[in-house]
Amino acid sequence: MTESTITSVLVANRGEIARRVFASCRRAGLGAIAVFSDADADSPHVDDADAAVRLAGVTPAETYLDGKKIVAAALAAGADAVHPGYGFLSENAGFARTVLDAGLNWIGPRPDSIERMGSKVAAKKMMADAGVPVLAELDPADITDADLPVLVKASAGGGGRGMRVVRTLADLPGQLDAARREAASAFGDPTVFCERYLENGRHVEVQILADRHGTVWAVGERECSIQRRHQKVIEEAPSPLVDAIEGMRPRLFDAARRAAQAIGYEGAGTVEFLADGSGQFHFLEMNTRLQVEHPVTECTTGLDLVDLQFRIADGDPLDPEPPPVHGHSVEARLYAEDPARDWQPQSGTVHRFALPQEAREFDVLRHTGVRVDSGVVAGTEVGVHYDAMLAKVISYAPTRDRAVRLLASTLTRTEIHGIVTNRDLLVAVLRHSAFRAGETDTAFFDTHGLAELSAPIASAQAEAISAIAAALAESAANRAAATVNAGLPSGWRNLPSQPQVKRFTGVHDDHEVHYRITRDGVRIDGRDDLGVVGFTPDRVVLDVDGVRRVFAVARYGDAVHVDSSLGPVRLTAVPRFVDPTARIATGSLLAPMPGSVTRLGAAVGDVVDAGRPLVWIEAMKMEHTVTAPTAGTLTTLAVEVGDQVAVGAVLAVVTPHDEAAPDESPDNEGGHHLEELS
């Protein structure tokens with residue numbers, strides 16, 4: 001082992017990624033330096049670091065994609081190495097050269113290796129020459145009906161950005177243009193290519209580690225087939241497909257090692273393949289960086305992959321063979337998004353994020369348990385400028401079935417307050433019979449129905465009972481905050497009187513809770529099956545059909561979160577009186593979330609058809625197209641290109657043809673759909 005030349009590491013990234021690298025820095029005794037944008041000034045990764053350097057600006061282009069600013073920050077803070085994390089500049093050969101030219105250590109593969117794998121078009125040709133099976137590249141000009149469906153892909157970058165599935169020739173030109181636009185926005189390179197699209201493929205990847213002395217490890221494989229918009233949602237190691245097919249693993253590992261050796265690779269990387277049910281596979285791409293899903297490999301091998309990156313960068317040799325794989329690990333990505341609304345990204349405050357049992361943070365699991373890699377804490381503001389992933393929750397157990405059950409149970413009981421997430425969908429997938437049987441492919445959501453999979457964990461009945469708990473907790477809170485006669489129960493009367501009423505809106509239904517506080521206790525009108533054992537502002541105990549259950553209640557403004565063994569419930573308290581100025585005109589287009597207006601599709605006075613795209617909003621690396629809700633005339637256009645808009649803001653108004661002026665309506669809004677941007 002050589003003497004270390006690395007003593008302090010600047011991580012050229014943010015959030016969960018930076019925190020993950022910092023954890024290994026601590027274990028290795030290395031200093032940890034953060035960079036942060038103005039939007040991330042209060043981010044947890046800034047607090048985790050020994051020192052932090054501001055990158056003036058908000059957008060990625062102004063901050064985390066500005067290599068010169070990052071190198072200047074490293075030099076100013078006294079770092080002697082730069083770790084790129086994953087995403088942003090992690091696969092940018094020019095940035096790697098800038099780091100090295102500044103006299104800093106680069107914790108990653110050599111720039112020429114990044115460059116050779118940076119173009120997916122060139123990489124596929126190189127892999128074919130090395131004997132790695134590949135899918136043939138298709139020239140867009142030569143594609144016929146017989147080639148369909150095809151996948152349009154960005155040559156640079158990854159993460160599902162710049163990808164489009166095309167099923168008709170008529171759609172091909174528009175999808176090529178959209179993919180080029182997204183690729184240019186995300187990676188600064190508009191080059192795209194096409195290949196045959198496998199509808200029910202299995203996404204299997206091999207973790208590679210290679211030192212500068214010629215040793216190449218294939219450190220187990222991962223399956224990442226559960227995807228939305230070509231981005232991974234659930235990953236696991238080892239792969240159920242590879243486990244099931246005799247002889248597939250040696251062939252897969254051999255192909256991955258060939259890929260690494262073909263470019264003289266050094267460091268951590270991932271070779272991705274698309275496989276079919278028979279065990280045949282084709283090279284997709286090589287990611288010359290650590291992957292988001294690397295924890296499942298760490299937990300099944302006992303390796304700290306980031307620490308190995310440090311050692312390889314210091315010149316240390318790997319052992320001749322990697323450690324064996326033990327047990328099974330599953331990772332779920334918790335996103336700030338609403339799958340039931342076309343995966344619409346969400347923003348806002350994370351009021352609470354608490355797992356039900358002790359979890360290891362950013363650490364390798366060596367016994368049955370749960371790990372969490374998170375970029376948020378209570379109070380974190382989730383904005384619109386960066387990726388929507390909040391955290392990764394990872395389980396490890398001796399068997400796949402136990403690891404899956406443990407992760408599903410943990411997610412179900414995790415308290416997530418203040419922002420809509422994909423948690424319920426993750427649990428539904430993990431508990432689905434097809435997933436439990438290992439039948440996972442990239443069309444999982446299409447095959448099994450997104451509507452069913454994104455349904456709430458808590459049933460309609462559970463939501464109704466949770467609304468009762470919320471009403472009682474609010475009553476207790478009101479009495480606790482009372483300045484006069486606080487010791488008297490709310491609504492108490494000498495004689496029988498009208499019940500108190502509290503109203504809530506839930507996912508399943510609207511709820512109106514009628515209750516009376518009497519000498520003999522609390523009575524809930526219409527619920528003879530339910531007894532109130534006790535209630536405080538944040539804890540309610542109910543007997544439901546003879547079964548005692550505890551409900552934890554938390555309120556943030558009008559948002560009420562109720563957590564219990566019946567499942568998590570989110571309610572909105574309905575005010576007693578509605579402000580008439582809150583009513584919205586018929587034909588209004590509302591912003592689906594905060595973001596920046598990037599394009600306009602019409603001008604005031606234009607006659608438009610229902611469904612015509614009128615406003616494009618960019619947020620959280622997604623492009624949102626807001627369309628006309630009805631045919632008519634565009635009478636109001638309240639935004640311009642470049643405007644920042646809040647969720648629910650009126651963007652425009654389309655007056656229907658049969659109306660002289662807009663009517664008043666509380667719930668009319670334009671349609672919208674989402675496209676991956678970066």
Working to the nearest 0.5 angstrom, can you tell me the gap between [X] [atom1] and [Y] [atom2]?
X	Y	atom1	atom2	answer
F445	L453	CZ	CG	6.5 Å
R503	T572	CZ	OG1	15.0 Å
E439	D441	CD	CG	9.0 Å
H203	E272	NE2	CD	3.5 Å
H385	D38	NE2	CG	9.5 Å
N13	E16	CG	CD	9.0 Å

Any heavy-atom pair between the side chains of [Y] and [X] that's under 4.5 Å?
X	Y	value
D147	L138	yes
Q346	D338	yes
E115	R97	yes
E62	L65	no
F353	L334	yes
V626	P613	no
E331	V393	no
L430	F435	yes

Just by distance, do the side chain of [X] and the backbone of [Y] share a donor-acceptor pair under 3.5 Å?
X	Y	result
D189	T191	yes
D446	A443	no
T288	E91	no
R612	G601	yes
D66	K69	yes
R202	T440	yes
N92	F95	yes
S374	V376	yes

Chi angles and distances behind the side chain to side chain donor-acceptor pair (under 3.5 Å) call for T598, W616: CA-CA 6 Å; T598 58; W616 284 261; over 6 Å; no
Taking all non-hydrogen atoms of both residues into account, name the closest pair between [X] and [Y] and its distance.
X	Y	result
V152	L172	CG2-CD1, 4.3 Å
A603	L634	O-CD2, 3.4 Å
H351	A378	O-CB, 3.3 Å
E195	K124	OE1-NZ, 2.5 Å
V58	A39	CG1-CB, 4.1 Å
T168	V166	O-CG1, 3.2 Å

Is the closest basic N to carboxylate O distance between [X] and [Y] below 4.0 Å?
X	Y	result
K232	E205	yes
D342	R229	yes
E293	K392	no

Full working for side-chain contact (heavy atoms from CB on, under 4.5 Å) between L390 and I419: CA-CA 10 Å; L390 303 177; I419 196 165; 4.1 Å; yes
side-chain contact (heavy atoms from CB on, under 4.5 Å) between K153 and L284, worked out: CA-CA 11 Å; K153 298 178 69 175; L284 277 177; 3.9 Å; yes
The single option from V429, N200, I234, L450 passing side chain to side chain contact (heavy atoms under 4.5 Å, CB included) against F444: V429
Atom CG of D177: over 12 foreign heavy atoms under 6.0 Å: yes
Atom CZ of R196: over 12 foreign heavy atoms under 6.0 Å: no
Axial cation check for F88 ring with R14, 6.0 Å and 45° limits: no
Test log, rule side-chain contact (heavy atoms from CB on, under 4.5 Å), inputs L169 and I143: CA-CA 8 Å; L169 289 179; I143 292 174; 3.9 Å; yes
Compute whether any side-chain donor of one residue and acceptor of the other, for [X] and [Y], lie under 3.5 angstrom apart.
X	Y	value
D40	Y64	yes
R289	Q291	yes
S37	Y386	yes

Worked check of side-chain contact (heavy atoms from CB on, under 4.5 Å) between V507 and E463: CA-CA 8 Å; V507 175; E463 184 179 275; 3.8 Å; yes
Test applied, side-chain hydrogen bond (donor to acceptor under 3.5 Å, both in side chains); reference residue, R352; option that passes from H561, H417, E415: E415
